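Letters A, B, ... mirror the listed sequences (proteins, then strands); counts begin at 1. If you're wondering where the values come from, they're calculated on a predicted model, not measured in any experiment.
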Protein chains: 2
Amino acid sequence: MDLQLFTIGQLSKQTGCKVPTIRYYEGIELLPNPPRTEGGQRRYNAHHLQTLRFICHGRELGFPIKAIRELLELDQFQQDSRASTEDGCHRADQIALEHLHRIERKIDQLSGLRDELKMMINACKSGDNHSCQVMSVLADHQLCQHSHGAADDNE
Amino acid sequence: MDLQLFTIGQLSKQTGCKVPTIRYYEGIELLPNPPRTEGGQRRYNAHHLQTLRFICHGRELGFPIKAIRELLELDQFQQDSRASTEDGCHRADQIALEHLHRIERKIDQLSGLRDELKMMINACKSGDNHSCQVMSVLADHQLCQHSHGAADDNE
DNA sequence: ACTTGAACCTCTAGCTACTATAGGTTTTAT
DNA sequence: ATAAAACCTATAGTAGCTAGAGGTTCAAGT
C-alpha cells in the first residue's frame, strides 16, 4: 500500500541513522533518490526505510560500504529475475565470510597489541628505578616481538 | 658523535616507514625538520632516526598520532629539565592505559560482530529453503541483539 | 667531464565514511 | 500571520596516510 511517507527526520529516528548520513548515502547512490515535495524536501516511503535499515545494520556490523552496495545489488538482482537465488545466496555468504575473516584477523592483531601494552604498563608499575618503561619500549622495542601490520587499516 | 647522516630512503629502510609517510610526519610537525643539502635534499641524523622509530612503533601499536605527540613532548620535557621524571612516567603510563582500554573495548565489539556473523553464515549454510539468511538478517536484524556502536571508529 | 638512472623534491588530489558549519528555505503549529 | 523546528545546499574538515605528475639532484660508472 506504501502510502505512508516519511520525512528525513522520521527516517532518521526509525533507523538511528543521522540525517546528514542519510543524505550522504543518497549522494553516493547507495540509497535511491526519494521524491520531493514542491518545496524540495525529501519524502520517503516504506521501501526506502527498509533499504536504509539494511544499510545501517550492515554498517553496524562493520561491513564496508562497498560490500553493502554489492549485497543490495544482489538483492535487486534476485527480485528482478526470479532466477539464481542460490548463486546470490552463495555470493552473499561469501561476502559475509570475507568480512568474518577480516574481523578475526583484526581481533588477533588487537589481542597482540593488548598483550604488548599490558606488558609495558606492568613493567612501568613494577619499575624500581624511575625511568618509564612505556617510553623505552616505544623507543627501543625490546620487550617483545610482534608480527602484525599497522593497526589503523580502517575496515 | 652523531656524524652519520642518512637520506630519507635510508631512514625508510631502517624504520620500515614509507618515504611519503616520513615527509608527512615532518609536515604535521611530529618529526623535526632535518637539515638539507645544497640541492635541497633531507639529511637525517641519529636523533631523527630514534624519534622516527619511536613514532613508528607507537603507530604499529595503534596509538593515535595525538598520543604519540604527547609522549614525545613528555620525553622532551624530561630531557630538558631533569625534574619530574615520575610525573612524566605517570602520564605516559596513563596514556598507555587509555589506549589499552580503547583496544579492549574494540576487541569486545569485534567479538560480538564475529559471533553475529558466524550465526548469519551458519544459518545460511543450514537453510533448507533457498532464501539467504545473510540478507534477511541484515534486513530485519532478528537473529540476535547486539549492543555495540558502529565498528568504524578509526582509532 | 659527462652521462645515466635511481632517488629525491614539491604540490595536489584521493582514499573511507562521515561530521560540522554557514546561510538560507519550507513546513507546521498556534 | 508568525515563529520555531525541521528542512535544504554547499563546502570544508576529520585521521592518517597514499598516489600521481612533473621536475631536480646525487652518486657511480665510463
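- Nucleotide C:dT16 holds its P atom 13 Å from the CG atom of A:L30, rounded to whole Å.
- Although no hydrogens or angles enter the test, the distance criterion places no donor-acceptor pair under 3.5 Å between the side chain of A:D93 and the main chain of A:A96.
- The pair A:E98-A:K66 does not meet the salt-bridge criterion, since no charged nitrogen lies less than 4.0 angstrom from a carboxylate oxygen.
- Contact annotation: B:R43 side-chain N/O to C:dC8 OP1/OP2 distance is not under 4.0 Å.
- Within the 4.0 angstrom heavy-atom criterion, only backbone atoms of the sugar-phosphate kind lie near A:R42; the bases stay farther away.
- Relative to the side chain of B:I65, the nucleotides D:dC26, C:dA17, D:dG16 differ in distance, and D:dG16 lies closest.
- Within the nucleic acid shown, A:I8 comes within 4.0 Å of sugar-phosphate atoms alone, with no base atom in reach, counting heavy atoms only.
- Using a distance-only test at 3.5 Å, with no hydrogens or angles considered, no donor-acceptor pair links the side chain of A:S12 to the main chain of A:I8.
- Atom CZ of B:R23 is separated from atom P of C:dT10 by 7 Å (rounded to the nearest Å).
- Side-chain nitrogen and oxygen atoms of B:T21 include at least one within less than 4.0 Å of the OP1 or OP2 phosphate oxygen of D:dT18.
- Rounded to an integer number of Å, the gap from CD of B:E38 to C1' of D:dT24 is 15 Å.
- For the pair B:Q14 (side chain) and B:L11 (backbone), a donor-acceptor distance under 3.5 Å is absent.
- For the pair B:H99 (side chain) and B:L61 (backbone), a donor-acceptor distance under 3.5 Å is present.
- For D:dT18, the OP1/OP2 oxygens have a side-chain nitrogen or oxygen of B:K18 closer than 4.0 Å.
- Side-chain atoms of A:R36 lie closest to D:dC8 of the nucleotides D:dC26, D:dC8, C:dA17.
- Taking only side-chain nitrogens and oxygens, B:T37 comes nearer than 4.0 Å to OP1 or OP2 of D:dC26.
- The side chain of A:V19 sits closest to D:dC7 out of C:dC8, D:dC7, D:dC17.
- Contact annotation: A:Y24 side-chain N/O to C:dT16 OP1/OP2 distance is not under 4.0 Å.
- Separating the CD1 atom of B:I22 from the P atom of C:dA7 is a distance of 14 Å, rounded to the nearest angstrom.
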